[in-house]
Novice: 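Here it is, the structure in full.
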Amino acid sequence: MTARIPFVTLRPREDEADVRAAIERVLASGWFVLGPEVERFEEEFAAASGASHAIGVGTGTDAIALILRALDVGPGDEVITTPLSAAYSALAIQMAGATPVFADIDPRRLTVDPAQVERMVTPRTRAILPVHLYGQAADMVTLTAIATRHHLAIVEDCCQAHLGHAAGRPVGTMGVAGAFSFYPTKNLGALGDGGAIITNDASLATRARRLRNGGQTTTYHHVEFGVNTRLDELQAAILRARLPRLRAWTEVRRHLARLYRAALADAPIRVLPELDAGHVYHLFVVLAGDEPAARDRLRQFLDQCGVQTLVHYPTTISSQPAFARFASTEYPCAESACRQVVSLPLHPGLEETAVHEIASAIGRFQAALHRQPSA
Ligand SMILES: *Cc1c(COP(=O)(O)O)cnc(C)c1O
């Protein structure tokens with residue numbers, strides 16, 4: 001059964017005619033890999049993101065891994081990241097051959113805590129991979145100071161933060177490079193997989209461009225061990241059709257987030273604070289409280305009201321079987337967040353009335369709780 005208010009709807013809306021025209025254009029061109037659409041998209045995405053270079057790749061995960069490889073971060077090197085993200089953030093570090101090291105999160109922002117990052121620095125540390133979680137930037141000012149003090153590169157995971165800002169600067173441009181995903185649910189989504197790297201460093205851009213295409217400098221001339229991860233022409237054309245709308249879609253997300261905040265002011269849940277006006281609200285996340293099953297009860301209640309919610313993320317990356325061997329300490333703040341977080345529906349196609357309906361359902365949940373006899 002589909003929910004009356006689904007978490008997200010991915011069918012094209014006002015962009016449909018442009019998306020279809022883009023697909024037709026590529027079909028008619030007969031050119032499908034590394035052609036003019038990718039080149040144009042790279043220029044347009046770099047300009048929109050405030051960077052000098054963009055390189056289209058196959059996925060956001062590949063974007064992170066290729067940036068690390070272009071920086072010569074590999075076996076024996078450590079990269080410090082957050083335990084609260086899509087596991088792909090840490091997986092990309094492993095793909096580069098390096099070792100992920102987790103540092104606990106700041107309990108207010110839910111992004112990596114700079115003080116914890118500094119605690120985890122060793123002589124092997126080469127880079128920090130902050131994740132701009134839910135569309136809000138990590139504390140880049142403090143992280144930059146730490147990176148400078150310890151001679152570390154910052155690689156920004158911007159997969160949830162297209163057009164976001166960190167302390168007034170575009171995400172992906174405070175560190176050496178930023179990685180973006182165009183997975184269909186992201187703020188800028190393709191009709192399949194896609195990703196991009198942005199950077200202001202020309203030599204890093206050249207190296208990443210070579211690495212994504214088999215390590216070739218020119219056709220049939222492979223100068224190093226590369227991979228095959230390219231954004232295809234069809235996805236690039238679709239992204240080009242959508243990119244001009246991204247700014248307006250982002251403003252709709254911000255507007256809906258403001259409505260949620262106002263409507264949830266007295267609700268029995270905690271709304272994550274907006275600590276940076278550059279937040280682009282990939283997700284609107286609330287905390288259900290740390291009592292056992294509080295989150296499950298809230299989600300079940302909303303489900304009965306026809307509202308679909310999701311959890312980003314139910315477990316820390318450091319407690320996943322594939323990553324447990326990299327857990328070098330406890331992560332109480334991330335564990336606590338994993339027990340409490342609930343993502344409410346928020347996307348540019350969501351009606352204002354749906355936001356009010358969801359907020360009012362959460363208010364009724366509180367009343368339902370108070371009516372329950374105490375055990
Ligand atoms: C989506 C996402 C990724 C992975 O992107 P893919 O394109 O699916 O590989 C990595 N990090 C974060 C924070 C993400 O949200």
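Just so it is clear, the values below take in all heavy atoms, side chains as well, and ignore hydrogens, waters and symmetry mates.
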Novice: Is the closest side-chain donor-acceptor distance between R119 and Q116 under 3.5 Å?
Specialist: yes

Novice: Going by the side-chain hydrogen bond (donor to acceptor under 3.5 Å, both in side chains) test, which pairs reach into residues 73-84, not counting sequence neighbours?
Specialist: D77-R126, E78-T122

Novice: Assess whether atom CZ of F323 is packed by more than 12 heavy atoms of other residues, nucleotides or ligands within 6.0 Å.
Specialist: yes

Novice: Judged by atom type as modelled, is there a donor-acceptor pair below 3.5 Å linking the side chain of R69 to the main-chain atoms of F225?
Specialist: yes

Novice: Looking at W31 and V33, would you say the former's side chain and the latter's main chain have a donor-acceptor pair under 3.5 Å?
Specialist: yes

Novice: For the pair E156 (side chain) and M174 (backbone), establish whether a donor and an acceptor sit closer than 3.5 Å, ignoring hydrogens and angles.
Specialist: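 Confirmed, E156 side chain pairs with M174 backbone.
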
Novice: State, to 0.1 Å, how close A51 and T173 come at their nearest heavy-atom pair, and which atoms those are.
Specialist: CB-CG2, 4.2 Å

Novice: How about E357 and T353: does a side-chain donor come under 3.5 Å of a side-chain acceptor?
Specialist: no

Novice: Main chain of G35, side chain of E233: is a donor-acceptor contact present, judged purely on distance under 3.5 Å?
Specialist: yes

Novice: With clusters built from Ile, Leu, Val, Met, Phe, Trp and Tyr whose side-chain heavy atoms come within less than 4.5 Å, directly or transitively, what are the remaining members of the cluster of V176, listed by chain and number?
Specialist: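 ILVMFWY cluster around V176 also holds I55, V57, I64, L66, I67, L68, L71, V73, V79, I93, L129, V155, I197, L204, L211, V227.
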
Novice: If hydrophobic clusters are built by linking Ile, Leu, Val, Met, Phe, Trp and Tyr wherever their side-chain heavy atoms come under 4.5 Å apart, do L346 and L133 end up in the same one?
Specialist: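 L346 does not cluster with L133.
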
Novice: Can you tell me if R295 uses its side chain to pair, donor with acceptor, with the backbone of V341 under 3.5 Å?
Specialist: yes

Novice: Do S203 and T206 meet the criterion of a side-chain donor-acceptor pair at a distance under 3.5 Å?
Specialist: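 The answer is no; no qualifying pair exists.
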
Novice: Hey, are the side chains of D303 and T309 touching, using non-hydrogen atoms and a 4.5 Å cut-off?
Specialist: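 No, too far: nothing below the 4.5 Å cut-off.
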
Novice: To the nearest 0.5 Å, what is the distance between CG on L34 and CG on D232?
Specialist: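 These two atoms lie 9.5 Å from each other.
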
Novice: Minimum heavy-atom separation for C338 and P314, please, with both atom names.
Specialist: CB-O, 3.6 Å

Novice: Donor-acceptor pair, Q320 side chain versus T315 backbone, under 3.5 Å?
Specialist: no

Novice: To the nearest 0.5 Å, how far apart are CD in Q235 and CD1 in I23?
Specialist: 8.0 Å

Novice: Tell me whether Y281 is reachable from V171 by hopping between hydrophobic residues (I, L, V, M, F, W, Y) whose side-chain heavy atoms are closer than 4.5 Å.
Specialist: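 They do not share one cluster, since no chain of ILVMFWY contacts under 4.5 Å joins V171 to Y281.
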
Novice: Rounded to the nearest 0.5 Å, what separates atom CG in L191 from atom CD1 in I238?
Specialist: 4.0 Å

Novice: Ring-plane angle category for H162 and F45, please: parallel below 30°, perpendicular beyond 60°, tilted otherwise.
Specialist: perpendicular

Novice: Does a salt bridge link R242 with D15, judged by any charged N lying under 4.0 Å from a carboxylate O?
Specialist: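 Yes, this pair counts.
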
Novice: Test your reading of the model: is there a side-chain donor-acceptor pair from D276 to the backbone of H279, 3.5 Å cut-off?
Specialist: no

Novice: Examine V285 and L310 and state if one hydrophobic cluster contains both, with Ile, Leu, Val, Met, Phe, Trp and Tyr joined whenever side-chain heavy atoms are less than 4.5 Å apart.
Specialist: yes

Novice: Ion pair present between D18 and R240, side-chain N to carboxylate O less than 4.0 angstrom?
Specialist: no

Novice: Decide yes or no on side chain to side chain donor-acceptor pair (under 3.5 Å) for H150 and E118, but give the supporting numbers first.
Specialist: CA-CA 9 Å; H150 297 278; E118 191 154 38; 2.7 Å; yes

Novice: Provide the closest heavy-atom pair for P170 versus G50 in the form atom of the first, atom of the second, distance.
Specialist: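 Smallest interatomic distance, heavy atoms only, reads CG-CA, 4.4 Å.
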
Novice: Below 4.5 Å, heavy atoms only, C-beta onward: do F182 and T59 meet side chain to side chain?
Specialist: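 Answer no - side chains too far apart.
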
Novice: Salt bridge or not for R40 and E43, using N-O below 4.0 Å?
Specialist: no

Novice: If you round to the nearest 0.5 Å, how far is CD of E335 from CG of L84?
Specialist: 10.0 Å

Novice: Would you say F301 and R364 make side-chain contact, with heavy atoms under 4.5 Å?
Specialist: yes

Novice: Indicate yes or no: at least one non-hydrogen side-chain atom of T125 is less than 4.5 angstrom from one of V101.
Specialist: no

Novice: Does the side chain of L344 reach to within under 4.5 Å of the side chain of L283, using non-hydrogen atoms?
Specialist: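 They are not in side-chain contact.
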
Novice: Side chain to side chain contact (heavy atoms under 4.5 Å, CB included) between Q94 and F326: does it pass, once the steps are laid out?
Specialist: CA-CA 11 Å; Q94 279 189 288; F326 302 117; 3.5 Å; yes

Novice: Does one side chain, of H255 or E352, offer a donor that lies under 3.5 Å from an acceptor on the other?
Specialist: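 Judged by distance alone, the side chains do pair up.
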
Novice: With heavy-atom distances below 4.5 Å as the criterion, would you say the side chains of C333 and D106 are in contact?
Specialist: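 When only atoms from C-beta onward are counted, D106 and C333 do not touch, as no gap falls below 4.5 Å.
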
Novice: Give the cluster check for V131 versus M120: same hydrophobic cluster or not, with ILVMFWY residues linked at side-chain heavy-atom distances below 4.5 Å.
Specialist: no

Novice: Could you go through R261 and E274, starting from their C-alpha distance and side-chain angles, then the distance that decides it, and tell me whether this counts as side chain to side chain contact (heavy atoms under 4.5 Å, CB included)?
Specialist: CA-CA 10 Å; R261 279 183 197 287; E274 181 182 292; 3.7 Å; yes

Novice: Looking only at side-chain N and O atoms, does S343 offer a donor or acceptor that is under 3.5 Å from a partner on H312?
Specialist: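 Yes, a side-chain donor-acceptor pair sits under 3.5 Å.
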
Novice: Find out whether R209 and E42 are in side-chain contact, i.e. whether some heavy atom of one side chain is under 4.5 Å from a heavy atom of the other.
Specialist: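 A side-chain contact under 4.5 Å exists here.
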
Novice: I'd like to know if the side chain of Q160 and the backbone of Y134 have a donor-acceptor N/O pair within less than 3.5 Å.
Specialist: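 Checking the backbone N and O of Y134 against the side chain of Q160, a donor-acceptor pair under 3.5 Å is found.
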
Novice: Evaluate whether atom CZ of R108 has more than 12 neighbouring non-hydrogen atoms of other residues, nucleotides or ligands under 6.0 angstrom away.
Specialist: no

Novice: Quick check: closest heavy atoms across L246 and L188, and the distance to 0.1 Å?
Specialist: CD2-CB, 4.0 Å

Novice: Measure the spacing between NE2 of H132 and OG1 of T111 and express it to the nearest 0.5 Å.
Specialist: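 Reported value, rounded in 0.5 Å steps: 9.0 Å.
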
Novice: Would a distance-only check, ignoring hydrogens and angles, find a side-chain to backbone donor-acceptor pair under 3.5 Å from H347 to G349?
Specialist: yes

Novice: Transitively linked via ILVMFWY side-chain contacts under 4.5 Å: V355 with V8?
Specialist: no

Novice: Start with the C-alpha gap between D62 and R212, add the side-chain angles, then the distance that decides, and say whether side chain to side chain contact (heavy atoms under 4.5 Å, CB included) holds.
Specialist: CA-CA 9 Å; D62 284 341; R212 78 167 168 188; over 6 Å; no

Novice: Any salt bridge between E16 and R20, counting N to O under 4.0 Å?
Specialist: yes

Novice: For residues A54 and I198, report the shortest heavy-atom separation together with the two atoms involved.
Specialist: CB-CG2, 4.1 Å

Novice: Please evaluate residues T218 and H221 with respect to the criterion side chain to side chain contact (heavy atoms under 4.5 Å, CB included), reporting the C-alpha separation (whole Å), side-chain torsions for both, the decisive distance (0.1 Å), and the verdict.
Specialist: CA-CA 5 Å; T218 53; H221 187 59; 3.5 Å; yes

Novice: Kindly indicate whether the side chain of F102, heavy atoms from C-beta on, has any atom under 4.5 Å from the side chain of Y331.
Specialist: yes

Novice: Does Q308 offer a backbone N or O that forms a donor-acceptor pair with the side chain of R4 under 3.5 Å?
Specialist: no

Novice: Specify the closest pair of heavy atoms between A70 and A208, including all atoms of both residues, with the distance to one decimal.
Specialist: CB-N, 4.3 Å

Novice: Measuring from atom CG of D113 to atom CG of D104, what distance do you get when rounded to the nearest 0.5 angstrom?
Specialist: 7.5 Å

